[in-house]
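Structure first, then comments.
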Amino acid sequence: VARPRSPRGRAREVLARLGAARPGTAAELATLDFSNPFELLVATVLSAQTTDVGVNKVTPVLFARWPTPEDLASADPDELEAVLRPTGFYRAKARSVRGLAEALVERFGGEVPTSMAALTTLPGVGRKTANVVRSIGFGLPGLPVDTHVGRVARRLRLTTEEDPVKAEAELNALVPPADRGRFSLLLILHGRTTCTARRPRCADCNVNDICPSAFRADLGARSGRNGS
Ligand code: SF4
């Protein structure tokens, strides 16, 4: 196989190989548990500074007690904090998801909007969360850039941007709309298991023959940054 020289060629090959190793749609690859876009939105907001595994432990209780935005908007704050306690930062998170539910009820009739512009008007929702909801919740184009996506994409020289919004724009130009959510998840999973921040396992990586950073001694020391 010819070694792709362009970022676009590398992106295509990375998507093909990582996708072959982990088949499935964006929704199937997602590691947060949810059964509708509202649950996904709340779970994603809760996942800041908390692992998805940790979030998945509290959301069944959360959504059994307050299944709709209307329910959550009028949740008793103390009771809500008690449910969210295991996630850490539970006071801030309780305020945050209640405010989010209130905004959904007041401005969107209790429905999660689908457009980037509308989603990012919700309190606590930035482009990353909006892209998660769009791609995983609605099957729409969306390429969430978190710390794993940024690091792995820079190592693969798909972008040189450190800024997530700029990195997202560059990656969007390389990945077809229908593949963006899946592409993001594949990089996240690759970043968690193989292309880790401190000690990337290049010998076990199925794109090491096309990765410009493969086996570079300074990778972990640079915590995933990919400068010159
Ligand atoms: S070869 Fe190494 S640096 Fe490149 S993607 Fe694989 S694990 Fe990451």
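Counting convention: from 1, in listed order, for ligands and their atoms alike. All figures in this text were calculated on a predicted structure; none of them were measured in a lab.
Under the 4.5 Å side-chain criterion, counting only non-hydrogen atoms from C-beta, Leu80 is in contact with Val97. Asp146 has its side chain within reach of Lys128: a pair of non-hydrogen atoms, C-beta onward, lies under 4.5 Å apart.
Ligand 1 places these atoms under 4.0 Å from at least one heavy atom of Ala214: 1 (S). The ligand atoms of ligand 1 that sit less than 4.0 angstrom from a heavy atom of Asn208 are 1 (S).
A salt bridge links Arg98 with Glu102; the closest basic N to acidic carboxylate O contact falls under 4.0 Å. A salt bridge links Asp52 with Arg192: the closest approach of a Lys/Arg side-chain nitrogen to an acidic carboxylate oxygen falls below 4.0 angstrom. No salt bridge links Asp163 with Lys166; every basic N to acidic carboxylate O contact stays at or beyond 4.0 Å. Checked for salt-bridge contact, Glu162 and Arg154 meet the test: a charged N lies under 4.0 Å from a carboxylate O.
Of the protein's non-hydrogen atoms, Cys195 SG, 2.4 Å is the one closest to atom 8 (Fe) of ligand 1. The nearest protein atom to atom 2 (Fe) of ligand 1, hydrogens excluded, is given as Cys202 SG, 2.3 Å; this is a heavy-atom distance.
With a heavy-atom cut-off of 4.0 Å, Leu219 touches ligand 1 through its side chain alone. With a 4.0 Å cut-off on non-hydrogen atoms, Cys211 touches ligand 1 through its side chain and not its backbone.
Atom 2 (Fe) of ligand 1 lies at 2.8 Å or more from every N, O or S atom belonging to Cys205.
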